[in-house]
Amino acid sequence: MTEAGPPRRGKPPVFLERQSYRRRRVIDAARVLPFIGMLLWVIPLLWREDGEVAVRSSSAILYLFGVWILLVAGAAVLSAKLAAQARDGTAEVEARGEGAP
Amino acid sequence: MLNTLVFVCSAYALFLFAIAFAAERAAMRGQARWLRSPIVYTLSLSIYCTAWTFYGAVGSAVRSGFEYLTIYLGPSLVLIGWWWILRKLVRIGRSQRITSVADLISSRYGKSNLLAVGVTILAVVGTTPYIALQLQSVTLSFEVFGVGDIATGEEQGHTALWVAAGLALFTVIFGTRNLDANERHNGVVMAIAVEAVVKLAALLAVGVFVVWGLSGGVSEALAKIDASSLGQWQIDGGRWVGLMMLSAAAFLCLPRIFQVLVVENENETHLRTASWAFPLYLGLMSLFVVPIAVIGLEMLPEGSNPDLFVLTVPLSQGRDGLAVLSFLGGFSSATSMVIVAAIALSTMVSNHVVMPLWLRYAGGGAKVSGDVRGVVLLARRLSIIGVVMLGYLYYRLSGGGAALASIGLVSFAGLAQILPAMLGGIFWRGASRLGALVGLTLGFGCWGYTLFLPSFGAGVFLPEAWVTAGPFGIGWLRPHALFGIDAIDPLLHAVFWSLALNTGGFVLASLASFPGPLERLQGAQFVNVFEHSAAPRSWTGRVAQAEDLMIMAQRILGARDAQRLFEREARRQGMTDTLPAPTPSFLETLERELAGSVGAATAHAMVGQIVGGMSVSVEDLMAVADETAQLMEYSARLEAQSQELARTAAQLREANAKLTRLSVQKDAFLSQISHELRTPMTSIRAFSEILRDTTGLAPEDQHKYSSIIHDEAIRLTRLLDDLLDLSVLENGQVNLNLREGLLSDVLDRAVAAAAADEHGARLRISRDPAAEQVWLNTDLDRLSQVFINLVANARKYCDATRPALEIRVHSSDRLVIDFVDNGTGISLEAQDVIFEKFSRVSDQKAGGAGLGLAICRQIVTRLGGEISYLKGQGGAAFRVVLPADIAMAAE
């Protein structure tokens, strides 16, 4: 599961040091973010569409673009964190690779 | 006004030419770094926003409310989730030097050109209407100015033709400056980035004007929206989710997006910036769509084309400057899309259709002299012109009627058919070429039947009866109601069935088929791209000629670049002033370089032509496909087992045959022995009766009869002695009487003893006295018994007219004594059994009971040696081998 350096032999340690633990969680967040976005953007399907209590378009615009801004901000923060990690310790972050535990 | 517009348009076009030219110059001087910043990359992605979105989004909002947003939400999610797919796609594209979507698919599935051609066709069919759409929108926007409602078809055609020609020219100039996709199209990308800024600025300007200029502020604008016909949230849930998915899929598959996203990508880290910046761009692009739509509905007369509100709203307010900016925004959207789409499609067409054909029919192989670069460039330029003109033709023939958005979605759905093969290819090693082929064919066919052909209107390509009642009256095959499901939106219906059939076919055919070695190698390279940084080693270079490769590389990469590449490789191999050795890794590098120019499949074929066949090294296969190794091992084991079984069976058959022969011989012996015993007994009885009962026998008769009795008794005794002797030997009860003596003495004694009862033809015996001077330490009497037997046998059975026996002696590590006569020898089937008891070669020469050789073997075995029959010596030949410790060299 490495892309830089030889694959690690033997049993990997059960607990990672704090820094690499944080790195992995940032990547987890980057993976989860699109699903959060999808969830938030399909919520309007639950809104009322008829009668007096129907959701106004202005609220819809505020909600949809609000989610958009949140997602962009979230992605920007994660991207900055990933960039900082890439500068610090490339190998460690990259070692996360695909589907590593 | 029209003249101004034409002037502005030309000026803008010139500006773009200048930008592109400047960017190319800067890149050539090595100042390209700022040209290739993450922001430029992000902006270049904006070719996703075409005239369809620039003009059509407002029209779509008027017609179906917020649904237009889905087209932006899908790609935003793809970018935000870049860690999942895009990161891998870009890495694969860079490590495998992918030039297009078709190249990606072909490369993944064993560099199959068939697949590449299929994807190319799909891309051309799916993109042509889209290019037509851009031409139409530019023409429409021209009409809005100047020509207005007096527009005639002829003038429309002229505008579209001029635009198409101008775009083709631009694309040819900047899109085919260099061949190697790795060098990338700096000028084009820069121009597109500028156009991205222009269209965003234009739309934002119109939006700001609408919200603050016409509505009087944000809250007023929101109030107006709520009061309008778009005031309530109303959405078709299926289309909301379905279109979001569709646009996300199309974003990955559109050839032009792939071009800027993967092929033109300079640095993987740019993706990180784009992951938030591009969703932001899309958000800004779609922010003012609803306000513009609402104001347009409010201010413009009933029946105005909502697709052009972005232009007509400023115009109606007398803001000509804003309108021109807006026009330029639309113009930018249209042109950037056409340019990049033409580059992407021409790369596919020239790499996967034209070049393979040219190589096969006109080129006479990759080794002919001449510059292939020219051919590639020409093919690419012609392809660009062809693609743009195809779009123009489509526009002219379709009449440009349909609402913009619907053409766009039809095109999206068509290109989304690539998705299963693409995602399957990068995430699933089991995905096979056949699977991709089946999936693409099913999906493409289903899309064509349910969406593309009906989009021309009933009766154009599909008979009207088919649409209403189904083909040949089969109701459940109606294009808009497959399997009788008709309560669903036609677009969703087509997307659902085409992708379902596509994915299903892809998975099933992949499960059922077995991929070839190259395919599996590529599969592993793609799926585990983050683990393998090395490309597949697929060439064996021993037969390749470095000069031939050099010639070919020069023709494709250009002399300077090719020489540089070869020099670099030679240095890496530790050589100077010479061509690099065609090692597999060098061939692989070269192939990758060539792939950047002509596509993976063609590069593979070209190197293959020179290297003379490709092979995959065993190590690679073992490493990549463990199961292959296991299978091979298993089958080898099975084979070994079955061979062993066959051997055992043969041995058993042999043993059985031997047993049968022995049994026959035993029976023969029993009858023989009883006969042998009976004959002397009979004569003994007869003559003893004569002696007892006859009185007055003459003394000489008496003597004669008693002699006969005596002889017969001796014969009986000898027979019984032999039997006894054998039985003693076999039971191992014999005591050896070890003595020292010369081999020649033993042989002398044996020859003399065998000659004692000489009668009949005399046997000539030739010997080698010098070699016989070997001291022995063994039971000399027993050994001489063996020799006597062998010499006597030769005397008895040699059937030559002048019988001769040769006794040869060799002593090396063991003492070997051969007895070879000149008779006919022993028949093949008898050779096996002559050493068995009771074995007799032929009945008519029956001189003994067939125990002689059996006794010999027992004796020699007891002495620690062996006796065997020598085949192929001309006559009967026996070999006695004695161990070395018996023989001592003569002193």
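Letters A, B, ... are given to chains in the order of the sequence lines, protein chains preceding strands, and every chain is numbered from 1. Atom set for the values below is all heavy atoms of this structure, side chains included, hydrogens, waters and symmetry mates excluded.
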Between atom CD1 of A:Ile27 and atom CZ of B:Arg87, what is the distance when rounded to the nearest 0.5 Å? 7.0 Å
Considering only heavy atoms, which portion of B:Phe278 lies under 4.5 Å from any heavy atom of chain A: side chain, backbone, both, or neither? neither
Relative to chain A, which of B:Gly237, B:Gly81, B:Gly283 shows the most heavy atom pairs under 4.5 Å? B:Gly283
If you compare all heavy atoms of A:Ser57 against all heavy atoms of B:Ile225, which two are closest, and at what distance to 0.1 Å? CB-CG2, 3.7 Å
Do you know which of A:Ala30, A:Ala60, A:Ser79 has the most heavy-atom pairs under 4.5 Å to chain B? A:Ser79
Are side-chain heavy atoms of B:Trp276 and A:Leu71 found at a separation under 4.5 Å? no
Quick check: does any side chain N or O of B:Asp226 sit under 3.5 Å from a backbone N or O of A:Ser58, one acting as donor and the other as acceptor? yes
If one checks every heavy atom of B:Leu271 against chain A at 4.5 Å, the contacting part turns out to be neither
Can you check whether A:Pro44 reaches B:Phe66 side chain to side chain, under 4.5 Å on heavy atoms? no
Report yes if the side chains of B:Ser286 and A:Phe65 come closer than 4.5 Å at any heavy-atom pair, otherwise no. yes
side-chain contact (heavy atoms from CB on, under 4.5 Å) assessment of B:Leu73 paired with A:Trp68: CA-CA 9 Å; B:Leu73 298 185; A:Trp68 213 320; 3.6 Å; yes
Heaviest contributor of heavy-atom pairs below 4.5 Å to chain B, chosen from A:Trp47, A:Phe35, A:Trp41, is A:Trp41
Kindly compute the distance separating CE (A:Met38) from CE (B:Met245), expressed to the nearest 0.5 Å. 5.0 Å
May I ask you to name which of B:Asp236, B:Leu282, B:Val241, B:Thr273 has the most heavy-atom pairs under 4.5 Å with chain A? B:Leu282
Taking C-beta and beyond as the side chain, do B:Pro279 and A:Val72 meet within less than 4.5 Å on heavy atoms? yes
Chain A contact via B:Leu287 - which portion, at a heavy-atom distance below 4.5 Å: both
For B:Thr70, is it the side chain, the backbone, both or neither that has a heavy atom under 4.5 Å from a heavy atom of chain A? neither
For chain A, which of B:Leu79, B:Ile80, B:Leu222, B:Thr269 has the most heavy-atom pairs under 4.5 Å? B:Ile80
Atom CG in A:Leu33, atom CH2 in B:Trp82: separation rounded to 0.5 Å? 12.0 Å
What part of A:Leu64 lies closer than 4.5 angstrom to a heavy atom of chain B: side chain, backbone, both or neither? side chain
